[in-house]
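Shown next, in structure tokens, is the structure this report addresses.
Every value quoted in this text rests on a predicted model; they were computed, and no experiment measured them.
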Amino acid sequence: MATRLAEYEEQLKALAGELAGIGFMSQGSVVCRYTRCGKPGCRCQASPPLPHGPYYQLTRKVAGKTVTTRLTASQAARYAEWIANQRELRRVLAEMEQISRQAAELILGKTPEPDKTPGDRPA
Ligand SMILES: [Zn+2]
């Protein structure tokens with residue numbers, strides 16, 4: 001048990017080290033759009049059509065509301081990087097949680113049983 005626990009502690013430390021290497025982060029998502037206007041004779045109506053764009057948009061939640069912001073190509077590239085960093089952070093945290101659950105089982109000897117109350121839905 002002591003060896004297994006030491007392994008979990010090592011894994012946890014290694015993951016914490018990975019966290020330290022993650023740069024700036026952002027929530028949300030970046031999309032690239034091409035649009036067509038309604039003007040007759042516009043290049044976007046031609047055959048083959050040449051749509052307008054690319055337009056970059058950042059969509060994120062601010063105080064519970066979805067907010068969309070127009071970005072330049074270079075801003076979009078930065079945000080894409082920061083959003084990837086946030087995803088990486090979540091992946092590392094999920095691994096840390098998983099290891100912690102295994103460690104808890106080892107330390108406590110068993111998985112604590114969830115309370116069974118009528119009306120409870122499984123998580
Ligand atoms: Zn057009």
Side-chain angles (χ1 to χ4, degrees):
M1 164 172 168
T3 322
R4 288 266 304 282
L5 202 57
E7 275 174 26
Y8 289 147
E9 279 168 358
E10 278 307 304
Q11 289 170 5
L12 204 65
K13 261 189 224 163
L15 288 165
E18 282 186 45
L19 283 185
I22 298 174
F24 295 123
M25 52 194 87
S26 173
Q27 50 122 335
S29 60
V30 171
V31 290
C32 174
R33 282 186 208 290
Y34 290 86
T35 61
R36 292 183 199 200
C37 69
K39 282 182 206 154
C42 182
R43 66 186 175 102
C44 68
Q45 312 284 338
S47 176
L50 277 170
H52 303 280
Y55 300 114
Y56 296 95
Q57 285 180 331
L58 171 69
T59 302
R60 67 205 156 115
K61 293 255 184 197
V62 178
K65 279 187 185 167
T66 302
V67 177
T68 298
T69 314
R70 178 79 80 83
L71 301 175
T72 65
S74 65
Q75 287 171 336
R78 279 295 178 88
Y79 268 108
E81 186 189 316
W82 296 336
I83 290 164
N85 286 347
Q86 176 130 329
R87 213 170 289 135
E88 177 69 2
L89 170 82
R90 293 221 175 100
R91 183 193 64 77
V92 174
L93 279 182
E95 274 190 55
M96 291 175 88
E97 282 171 6
Q98 173 64 28
I99 289 163
S100 297
R101 271 196 296 275
Q102 288 172 297
E105 280 182 32
L106 205 61
I107 292 164
L108 303 175
K110 67 180 179 79
T111 309
E113 284 293 314
D115 292 338
K116 288 204 176 70
T117 316
D120 268 11
R121 278 181 297 169

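Here the CD atom belonging to Gln102 is positioned 11.5 Å from the CD1 atom belonging to Ile107, to the nearest 0.5 angstrom. If you take CD on Glu105 and OH on Tyr8, they are separated by 8.0 Å, rounding to the nearest 0.5 Å. Separation of atoms CG (Asn85) and OG (Ser26) is listed at 10.0 Å; rounding is to 0.5 Å. Taking CD of Glu95 as the start and OG of Ser100 as the end, the distance is 11.5 Å to the nearest 0.5 Å. Rounded to the nearest 0.5 angstrom, Leu15 CG and Leu93 CG are separated by 9.0 Å.
Heavy-atom contacts from other residues, nucleotides or ligands closer than 6.0 Å to CZ of Arg43 number more than 12.
In terms of hydrophobic clustering, with Ile, Leu, Val, Met, Phe, Trp and Tyr side chains grouped at heavy-atom distances under 4.5 Å, Leu106 and Leu12 are assigned to a common cluster. Residues Ile22 and Met96 share a hydrophobic cluster, clusters being chains of Ile/Leu/Val/Met/Phe/Trp/Tyr side chains in contact below 4.5 Å.
Side chain of Gln75 to main chain of Thr72: a donor-acceptor pair is present (N/O by atom type, distance under 3.5 Å, no hydrogens or angles).
Closest heavy-atom contact between Pro49 and Arg36: CG-NH2, 3.6 Å. The two residues Gln27 and Ile83 have their closest heavy-atom pair at O-CG1, 3.9 Å.
Residues meeting the side chain to side chain contact (heavy atoms under 4.5 Å, CB included) test with Thr35, sequence neighbours left out: His52, Tyr55. For the side chain to side chain contact (heavy atoms under 4.5 Å, CB included) test, no residue two or more places apart in sequence or in another chain qualifies with Ala80. Among residues two or more places apart in sequence or in another chain, the ring pair (Phe, Tyr, Trp, His ring centres under 6.0 Å) test is passed with Tyr79 by Trp82. Residues that satisfy the side-chain hydrogen bond (donor to acceptor under 3.5 Å, both in side chains) test with Gln45, not counting sequence neighbours, are absent from this structure. Partners of Tyr56 according to the side-chain hydrogen bond (donor to acceptor under 3.5 Å, both in side chains) rule, which considers only residues two or more places apart in sequence or in another chain, do not exist here. Under the rule for a side chain to side chain contact (heavy atoms under 4.5 Å, CB included), the partners of Thr68 that lie at least two apart in sequence or sit in another chain are Gln57, Thr59. Shown here are the side chain to side chain contact (heavy atoms under 4.5 Å, CB included) partners of Lys13, two or more places apart in sequence or in another chain: Glu10.
Side chains of Arg60 and Thr69 form a contact here, defined as non-hydrogen atoms less than 4.5 Å apart. In this structure, the side chains of Cys37 and Cys42 come closer than 4.5 Å at one or more pairs of heavy atoms.
Under a 4.5 Å side-chain heavy-atom criterion applied to ILVMFWY residues, the cluster that includes Leu50 comprises that residue alone. In this structure, Tyr34 stands alone, with no Ile, Leu, Val, Met, Phe, Trp or Tyr side-chain heavy atom under 4.5 Å from its own, directly or through other members.
For residues 62-89, every residue pair satisfying the salt bridge (charged side-chain N to carboxylate O under 4.0 Å, His left out) rule, not counting sequence neighbours, is listed here: Glu88-Arg91. Residue pairs meeting the ring-ring contact (aromatic ring centres under 6.0 Å, His included) criterion with at least one partner in residues 84-106, sequence neighbours excluded, do not occur; the list is empty. Applying the ring-ring contact (aromatic ring centres under 6.0 Å, His included) test to every pair with at least one member in residues 9-31, sequence neighbours left out, gives no pairs at all.
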